[in-house]
Amino acid sequence: MHTLNIGILAHVDAGKTSLTERLLFDHGAIDRLGSVDAGDTRTDDGAIERQRGITVRSAVAAFTAHGTQINLIDTPGHSDFIAEVERALEVLDGAVLLLSAVEGVQAQTRVLMRTLRRLALPTLVFVNKIDRPGARAGELLADIRRRLTPHLAPLTGVTGIGTPEARVHRRALVAAAAEALAEVDPGILAALVDGPPPDRAALRAALAARTADGSFHPLYFGSALGGQGVAELVEGIVRNVPAGIVRNASAPEPSGRRHPGPRGTVFAVRPGPGGRRTACLRLYDGEVTERQRLTFLWREADGRTTEVTGRVARLEVMGRPGPLTGGNIAELSGIPGLRVGDRLGELTDRAPQFTPPTLQTLVRARRPEQAAPLRSALLALADQDPLMHARPAAAGATSLLLYGEVQREVLAATLAQDFGIDAEFEPGRVRLLERPAGTGEAFEEMPWLDRTRYWATVGLRVEPGPVGSGGVFAYETELGALPRAFHQAIEETVHATMLSGPHGWEVTDYRVTLTRSGFSSPVSTAADFRGLTPLVLRRALERAGTRVYEPYHSFEAEVPPDALAPVTSLLASLGAEVRETTGGTASWVIAGELPARQVRRAGLRLPGLTRGEGVWWSRPSGDRPAR
């Protein structure tokens, strides 16, 4: 039996969790349907998820259909948790993009489809809620082709849409897909033009091939609550999504290298009682068993590699007994310190690229006696989610990086329910960065020159590094010139000092080189180097100078024709750079880039300028010098 790892993605309230429940129930994995309203669903098992009726963390559940095990990954729908979605995408073989037949294409739907198409991930489209008042079919299909992708074909139809009597029926493959497939498949195009017309077998093969390469999308109508169309969707998954490529652990890579052990990715971590964690591991190849000793790798922002090593205490493979083998997913525990994104095997293989958060906030305990427990709780949560970047700040506060206000509200509820801490969050502000503008050097000698109170000599040179390189520490001195503890003290202090540059923001993309070093035995200690290094580094950094950068978002605004002028004027007033404006009689699409600090304002103003018809989409797109 082979395995497919399938993600269910959608905007909020499209019915992701309800579809997961229906798939598990119809295939015998659970004995009753859970309800989001009742808070008893299989995958939203956290108290906050049950209370809010939203998915916050990716969850995995398995069922078997048509001789195939399908691992379902239920992902968050709210845009504040887009990083959680991106983590799950890395381990998928295919995806189901869910739309509501009532609400139709939403801004988050477009964000998700863009990501899926960029990754060329096999994606099926499921139009949910066909039995709800206001559900649409033909009009919605035209909207999907215009706003998501033209390369799709409905393989099922629906009668009685928008009523409780809505029913799904299969469509003949020739009528449903031949012309649409011809747009992306040269073989089908040639058969339609030159003849003979493609038969059912040729169309089915082309559909599977083009779905597999992510260029075409089968579409199905249905209802997760009523069960209509779900069987056809499952058949489409099994027939059109290829299983992940699984290689033997000892087989060579195309580069000729060999991986002596298992390779995989941790894509979710859940806290447990007593500080224990359960990690979800997708294995690409090799084998993992209980009691096996594993080493996971993580690359820090400054380029250093850290390791987490431990023995597997519990291993629960999704949907089957026995060891975890390539292509499958398991929950494992017993290895402390595991984080989302940790790699089992080489870091360079399938390295994930997560969208960084851009909102910075400060958190404090409302009751002074909870200040220390709050910091410990935030550091524990950030250890599970490295993108939060929890760091101590002044006056007992902790600095966090977040994606938005909903994430902040969920975090506040988590602190209250799981840790018993009443936390106060300052209003978020967009996180800026500093980069060295030039090269600067400084040094300090030991006390006998009467220039410092530290028994140490440190010389440092600061210069710009490539964009995206983070922080790099290098040596011009001989590595053995100082004891190892002194070298480590200098390097760690350099990276810690760069968390706050001359303008108060974190410094990134730098290269710091140790140019001088010296000590006096047995007087010098590591504390001397930790105390002296910031003084020298700040002086070198001031001489190099830094430039402040602010994050930008790429955006698209789809607006009615009569709203084009006021929306364009609004964007110009917010500092947007419009790249192109396209459209016609139905609508116009304005595309460009906008400072991240203005994105929320643009999104809030758009409905008022477009009578509620405007659609806003944006995504982080790097940074630029701050104005």
Side-chain angles (χ1 to χ4, degrees), residues 295 297-309 337 347-348 386 389 391-394 399 433-548:
T295 297
L297 306 176
W298 172 267
R299 179 161 292 128
E300 304 288 350
D302 57 22
R304 293 174 297 164
T305 298
T306 57
E307 295 185 357
V308 173
T309 300
L347 274 171
T348 55
H389 291 281
R391 288 167 180 160
S399 173
L433 293 171
E434 297 182 45
R435 291 188 175 93
T439 300
E441 293 192 50
F443 70 92
E444 282 288 355
E445 300 284 359
M446 279 188 278
W448 54 73
L449 297 180
D450 199 27
R451 298 177 67 178
T452 175
R453 66 183 182 276
Y454 298 108
W455 287 91
T457 294
V458 174
L460 296 172
R461 181 173 63 247
V462 177
E463 54 194 326
V467 174
S469 63
V472 175
F473 185 80
Y475 295 90
E476 275 186 5
T477 61
E478 226 179 286
L479 275 178
L482 291 178
R484 179 179 176 82
F486 297 173
H487 277 299
Q488 185 175 352
I490 296 173
E491 182 172 353
E492 290 177 353
T493 305
V494 162
H495 295 307
T497 304
M498 287 298 204
L499 294 178
S500 180
H503 299 282
W505 300 97
E506 180 181 349
V507 183
T508 188
D509 298 338
Y510 59 83
R511 181 182 179 86
V512 175
T513 304
L514 181 66
T515 58
R516 298 191 189 189
S517 65
F519 71 104
S520 178
S521 180
V523 181
S524 298
T525 67
D528 289 309
F529 288 90
R530 293 188 188 277
L532 181 60
T533 297
L535 303 178
V536 177
L537 179 59
R538 290 193 182 103
R539 192 179 307 148
L541 195 57
E542 287 173 3
R543 291 171 179 172
T546 63
R547 185 172 291 124
V548 179

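- Remark: T295 pairs with T309 by the side-chain hydrogen bond (donor to acceptor under 3.5 Å, both in side chains) rule, at least two apart or across chains.
- For T546, the side-chain hydrogen bond (donor to acceptor under 3.5 Å, both in side chains) partners are E434, not counting sequence neighbours.
- Shown here are the salt bridge (charged side-chain N to carboxylate O under 4.0 Å, His left out) partners of R538, two or more places apart in sequence or in another chain: there are none.
- Put simply, the side chain of E444 does not reach to within 4.5 Å of the side chain of V458, judged on heavy atoms.
- Residues passing the side-chain contact (heavy atoms from CB on, under 4.5 Å) test with T525 are A527, D528, sequence neighbours excluded.
- Side-chain contact between Y454 and L535 is present, with at least one heavy-atom pair separated by less than 4.5 Å.
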Got a list of side-chain donor-acceptor pairs under 3.5 Å for residues 473-485, not counting sequence neighbours?
| residue | atom | partner | partner atom | Å |
| --- | --- | --- | --- | --- |
| E476 | OE2 | R461 | NH1 | 3.1 |
| E476 | OE2 | R461 | NH2 | 2.5 |

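- The structure places CG of L460 at 8.5 Å from CG of L532, a figure rounded to the nearest 0.5 Å.
- For residues 496-505, no pair satisfies salt bridge (Lys or Arg N to Asp or Glu O under 4.0 Å), with sequence neighbours left out.
- Annotation: side-chain contact (heavy atoms from CB on, under 4.5 Å) contacts of R530 (sequence neighbours excluded): A489, E492, T493.
- Under the rule for a side-chain hydrogen bond (donor to acceptor under 3.5 Å, both in side chains), T439 has no partner lying at least two apart in sequence or in another chain.
- With sequence neighbours excluded, no residue forms a side-chain hydrogen bond (donor to acceptor under 3.5 Å, both in side chains) with E542.
- Remark: R511 engages no residue in a salt bridge (charged side-chain N to carboxylate O under 4.0 Å, His left out) (not counting sequence neighbours).
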